[in-house]
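Below is one structure, written out as structure tokens, with a few remarks after it.
The structure displayed is predicted, hence computed values, not measured ones.
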Amino acid sequence: MIEIDEKKLIQDLYYTRNSFSSGVSKDMIKNDYAEFSMLNDVFATIFGKMFRLEHIFRNADEVQKMINKFQNNNRLNFLNFAFLNQELIHELFTNYTDYLKSIDFKHIPYVEQVRRYSEKDFIDLILSYYSTYGDLYYKAAKKYFDENRIHMGFKDMGNNTAGFYSSLIWLKSGYIISMYKGYNTWSATSFCHELGHAIDAETFIFPQQKVIPALSDMLMEVPSTTFELGFLDYLKRNKIDVKGSEIIQNDRIMFLKECANNYDVIYNEDDVMVELNGDVLIPCPEKYPISRITFNEDGTALVDNKLKCEKDSYYVDGNFVYVNKYKVYHYREDMLYGLGYYFALHLNMIKDNSMQDFKKVFNNIITSRKECSLPEIIEKLGIRLEDFVSGELIKPKIAGEYLTLKKRYNVY
């Protein structure tokens, strides 16, 4: 099974910890401390070892205040992006879901249809795909296999995560962590997604030592989803795994629909709370007639002599209302992946027409996403804003692929 080079990871973590201890620049701490901590946890999970983090900084209190301020500023930038673009995002998501409803789009999860590979064929397939983009992207992808910067079978993902990419900007190095254990089209597609993040880092972030905080980088999933969907097209076009690629494509179209639906719920809700990680909490209030309520001396409320509420309670029209439960929506993630896959569908449409045009547009988008507004980024696609928002250009492909699946599996 593909595994990380333990010595290489130890070396990267060792050098980074020592740099923090010796008093590095604030920018390096802002850029790399969170990733260092994450990779240290990975190190502990895989190899049962980790670097101690206590006393890592000369002035821990000052550093923590700086990190808190940095994170709060990033949160505000994320919220500003969400507020400024909420109408545009809601409109394009609504148009997308309305179209899927109009063609009665269904999820067809025949996951057993995907093809399996040997380890050698698995790696060769992925690198063969990236070679279609030219040497720059191919060499970036190949580096992660050659230098053993990928680990499969990771056991501590959580949140249904299939994998993630983590990097240390100052060392110009990164690692791909995957939960998958087998070599098949599902895991290959996930690899291509994470390698998209790696290519973003290797060709843009590392060379320019770019500071793009993950919390406020709302287009960070565009490179990964673009290469992911492009890989599915590659499998189908070259008749490597036609059925598997169509099943996974259907799954991704449905996933984008789920992101859009979640966004719609939040958009239409007045009473929400946004947490530091971008999740949204929507209160789930319960009402009881005042006749059923008694109060303890400390102010806590009892409903039918049972403790029901310690806070967030109020009266409405003679009823006692309490809120102890909240519905959690992953607001930031839904926006990230929703925009990612929506852009990816358009970018792969451009690639189908011209690889040269695609590489130019793709490079313009990933290298200017920090400085440009969302409408300005859309303009760089060379597509009219109204056509992008309506989804008219991607509808034929979605409908055509879905019709093929419906006929194959007799889904009506």
Are any of the side-chain nitrogens in Glu202 or Lys139 under 4.0 Å away from the carboxylate oxygens of its partner? no
Flag the pair Asp217 and Arg332 as a salt bridge only when some basic side-chain nitrogen lies within less than 4.0 angstrom of an acidic carboxylate oxygen. no
Would you name the heavy atoms of Gly391 and Lys395 that are closest together and state the gap between them? O-CG, 3.1 Å
For the OH atom on Tyr14, are there more than 12 heavy atoms of other groups (residues, nucleotides or ligands in this structure) within a distance under 6.0 Å? no
Decide if the gap between the ring center of Tyr110 and the ring center of Tyr409 is smaller than 6.0 angstrom. yes
Taking all non-hydrogen atoms of both residues into account, name the closest pair between Tyr175 and Ile4 and its distance. CD2-CD1, 3.8 Å
Taking the six-membered ring where the residue is Trp, are the ring centres of Phe191 and Tyr180 under 6.0 Å apart? no
Atom pairs and distances, donor-acceptor, side-chain atoms in residues 252-261, under 3.5 Å, two or more places apart:
| unit_1 | atom_1 | unit_2 | atom_2 | d |
| --- | --- | --- | --- | --- |
| Arg252 | NH1 | Tyr341 | OH | 3.0 |
| Asn261 | ND2 | Lys257 | O | 3.4 |

NZ or CZ of Lys327 within 45° of Tyr329 ring axis and under 6.0 Å: yes
Is any side-chain heavy atom of Phe57 less than 4.5 Å from a side-chain heavy atom of Ser21? no
Minimal non-hydrogen separation, Ser19 against Trp170, with atom names: OG-CH2, 3.1 Å
Which is it for Tyr117 and Tyr183 under the ring-ring contact (aromatic ring centres under 6.0 Å, His included) test, yes or no, and what are the steps along the way? CA-CA 5 Å; Tyr117 311 93; Tyr183 303 109; 9.0 Å; no
Determine, step by step, whether Glu221 and Ser224 satisfy the side-chain hydrogen bond (donor to acceptor under 3.5 Å, both in side chains) criterion, reporting the C-alpha distance in whole Å, the side-chain angles of both residues, the deciding distance to 0.1 Å, and the verdict. CA-CA 5 Å; Glu221 291 298 333; Ser224 55; 2.7 Å; yes
Search all heavy atoms of Gly182 against all heavy atoms of Ser187 and return the closest pair with its distance. O-OG, 2.8 Å
Note: Asp233-Arg237 ion pair, threshold 4.0 Å (strictly below): no
Could Asp61 and Lys65 be called an ion pair, given the rule that one side-chain N must be under 4.0 Å from one carboxylate O? no
Donor-acceptor contact below 3.5 Å, side chain Asn250 vs main chain Glu246: no
Tell me if the aromatic rings of Phe20 and Phe36 count as close, with their centers under 6.0 Å from one another. yes
Using modelled atom types and a 3.5 Å cut-off, is there a donor and acceptor pairing between side-chain atoms of Thr225 and backbone atoms of Gly340? yes
ring-ring contact (aromatic ring centres under 6.0 Å, His included), paired with His346, selected from Phe388, Tyr96, Phe358, Phe362: Phe388
Which atom pair, heavy atoms only, marks the closest approach of Asn85 to Pro375? OD1-CD, 3.9 Å
Salt bridge check: are Arg116 and Asp121 linked by an N-O gap of less than 4.0 Å? no
Short side-chain to backbone donor-acceptor contact, Tyr129 and Phe231, under 3.5 Å: yes
So, Lys359 side chain and Tyr133 main chain: donor-acceptor pair closer than 3.5 Å or not? yes
Check Pro213 against Phe70 and note the closest heavy-atom contact, atom names and distance. CG-CZ, 3.7 Å
Salt-bridge criterion met for Arg149 and Asp12 (N-O under 4.0 Å): yes
